[in-house]
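Below is one structure, written out as structure tokens; the observations come after it.
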Number of protein chains: 2
Amino acid sequence: MIKNIGNYRQTILYGISLAILLLLLRWLELRYVILAHSFEIYAGAIALLFTALGIWLALKLNNPKVLTKVIEKEVFITQTANFVLNEQNLIALKLSARELEVLALMALGKSNQEIADQLFVSLNTIKTHSSRLFEKMDVKRRTQAVELGKKLSLIP
Amino acid sequence: MIKNIGNYRQTILYGISLAILLLLLRWLELRYVILAHSFEIYAGAIALLFTALGIWLALKLNNPKVLTKVIEKEVFITQTANFVLNEQNLIALKLSARELEVLALMALGKSNQEIADQLFVSLNTIKTHSSRLFEKMDVKRRTQAVELGKKLSLIP
DNA sequence: CCCAAAATCACCCTAAAGTATGAGGCTTTT
DNA sequence: AAAAGCCTCATACTTTAGGGTGATTTTGGG
């Protein structure tokens, strides 16, 4: 439960110092037979000392209040650099992984034939994918699909 | 106001340990038939009191150190919102005003026929514009032209 | 294991995009 | 005035894109 003794070291040291002080006073009392009227002096000294100790303790123990200042800093970010896919939109459109892949390649300006070559499938397959893609996205052309895809953060 | 008691636990523990210490001294006093010099008790009480006073003083007077924590909050700025045309790139490519206009409409996903209708010219004119556009931009397809146009900040 | 969705491919057809070439009118620059 | 550049349009042609239909295989979840 108490992991770090270090936190209580000050308290322990303080207690020890108090004990030593009291013993010292006791010793002085016995040694020099302190007169009763000098009690006020001791009391004052003790008061002063322990006030200082209290202050020191409080300052040590009091965690500095951290005032978090949130400063809005306008950061221009190329949206390609830190692109995060909007999964909500993706799910909403019910696009399959392959369809999204085709869309991404379309956005790069690739032709259907180039996409087919890159994905190692036939041209007809890409045509089928693109058709389904346009149907799901409710667009008529690939340029519209790309435009909408970027707006919905489906592609960078 | 004081949210975390945990900060003061050490202080409380210190008070308790002090009390125990005093009791111990009292017990020693009785044990060894120490004369009823109540000086220690007074000293302890004063010590306790003024320690508390010191703590209280310190907490009252101590201005909380304001640790300004600057958190850079990234504000995403849609590039469409504050689009500025990169005239250098435009001049470098030697695009005419009409060609840029056609490119912008292409970027919106419009077909050549739609662009022709919108600009009140014939389909063939748009084809000519687009051909020259692709030639100047050194691209083969409209999707590539749009991609490059956005990259070069020719269009939002 | 079975079913549904996804992925794959083919064929045919139409629409759109893109290329090539030529040409007339218009403005700006030299 | 001539040259150059831009905008316009046309015709003819090729390529690419896209729609419709049908089919097979793969795959993930109940």
Side-chain angles (χ1 to χ4, degrees), chain A residues 85-152 154-155, chain B residues 85-152 154-155:
Chain A
L85 189 140
N86 189 326
E87 296 192 40
Q88 280 69 39
N89 290 336
L90 186 62
I91 294 168
L93 289 176
K94 296 177 181 176
L95 298 188
S96 72
R98 207 55 160 171
E99 285 159 357
L100 181 63
E101 203 170 356
V102 170
L103 178 61
L105 291 172
M106 278 182 176
L108 296 178
K110 308 240 180 189
S111 70
N112 286 340
Q113 185 61 61
E114 287 171 341
I115 296 170
D117 292 344
Q118 187 162 338
L119 298 183
F120 300 104
V121 294
S122 78
L123 174 60
N124 288 309
T125 302
I126 299 303
K127 284 190 176 184
T128 306
H129 283 319
S130 63
S131 283
R132 292 184 161 280
L133 188 63
F134 300 155
E135 193 179 354
K136 287 180 180 178
M137 295 183 82
D138 194 30
V139 296
K140 290 182 177 178
R141 279 174 288 281
R142 55 171 54 218
T143 48
Q144 288 180 353
V146 170
E147 186 71 3
L148 183 59
K150 291 195 176 188
K151 193 178 291 181
L152 297 181
L154 302 177
I155 48 178
Chain B
L85 188 141
N86 190 324
E87 295 192 40
Q88 281 69 40
N89 289 337
L90 186 62
I91 294 169
L93 288 177
K94 297 178 182 175
L95 297 189
S96 71
R98 206 58 159 172
E99 286 159 358
L100 181 63
E101 203 171 358
V102 170
L103 177 61
L105 291 172
M106 278 182 177
L108 297 178
K110 307 239 180 190
S111 68
N112 285 341
Q113 186 61 62
E114 287 172 340
I115 296 171
D117 292 343
Q118 188 161 337
L119 298 183
F120 299 106
V121 293
S122 78
L123 174 60
N124 289 309
T125 301
I126 299 302
K127 284 190 176 184
T128 306
H129 282 319
S130 64
S131 284
R132 292 185 162 280
L133 188 63
F134 299 156
E135 193 179 354
K136 287 180 180 178
M137 294 182 82
D138 195 30
V139 296
K140 290 182 179 179
R141 279 172 288 280
R142 54 175 48 223
T143 47
Q144 287 181 353
V146 169
E147 186 71 2
L148 183 59
K150 291 195 175 188
K151 194 179 289 180
L152 297 181
L154 302 177
I155 46 177

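First the proteins, then the strands, lettered A, B, ... as listed; each starts at 1. Note: hydrogens, waters and symmetry copies are ignored here, and every other heavy atom, side chains too, is used.
The CG-P distance, from B:L123 to C:dA15, rounds to 14 Å in whole Å. In this structure, the CD atom of B:Q144 is 13 Å from the C1' atom of C:dA17, given to the nearest Å. Atom-to-atom, CD1 of B:I115 to P of C:dA16 comes out at 13 Å; the value is rounded to the nearest Å. When rounded to the nearest whole Å, the span between NZ of B:K140 and P of D:dT14 equals 19 Å. The separation between B:E101 atom CD and D:dT8 atom P is 8 Å, rounded to whole Å. Between B:L95 atom CG and D:dC7 atom P there is a gap of 10 Å when expressed in whole angstrom units. Taking atom NZ of residue A:K110 and atom P of nucleotide D:dT15, one finds them 21 Å apart after rounding to whole Å.
Nearest-nucleotide mapping onto DNA chain C: of B:R132 and B:V139, the residue sitting toward the 5' end is B:V139. The residue among B:L119 and A:R141 whose nearest nucleotide of DNA chain D is located toward the 5' end is B:L119.
One finds a side-chain N or O of B:N112 lying less than 4.0 angstrom from the OP1 or OP2 phosphate oxygen of C:dA17.
Taking every side-chain heavy atom of B:T125 into account, D:dC9 is the closest of D:dC9, D:dG18, C:dA7. Residue A:V121 has its side chain nearest to C:dC9 when only D:dC7, C:dC9, D:dC6 are considered.
Backbone-only engagement by B:S122 is indicated by non-hydrogen atom pairs under 4.0 Å involving sugar-phosphate atoms exclusively. Using a 4.0 Å heavy-atom cutoff across all strands shown, A:R142 reaches sugar-phosphate atoms only and no base atom. B:N124 comes within 4.0 angstrom of a base, heavy atoms only. When heavy atoms are screened at a 4.0 angstrom cut-off, B:S111 is found touching the sugar-phosphate backbone but no base atom.
Under 4.0 Å is where a charged nitrogen must lie from a carboxylate oxygen, and between A:K140 and B:E114 no such pair does. Ion pairing between A:E135 and A:R132 fails under the 4.0 Å rule for side-chain N and carboxylate O.
A donor-acceptor contact under 3.5 Å is formed by the side chain of B:T128 with the base of D:dC9.
Of the options A:K110, A:R142, A:K150, a salt bridge (Lys or Arg N to Asp or Glu O under 4.0 Å) to B:E147 is made by A:K150 and by none of the others.
At distances below 3.5 Å, not a single donor-acceptor pair connects side-chain atoms of A:K94 with backbone N or O atoms of A:K136.
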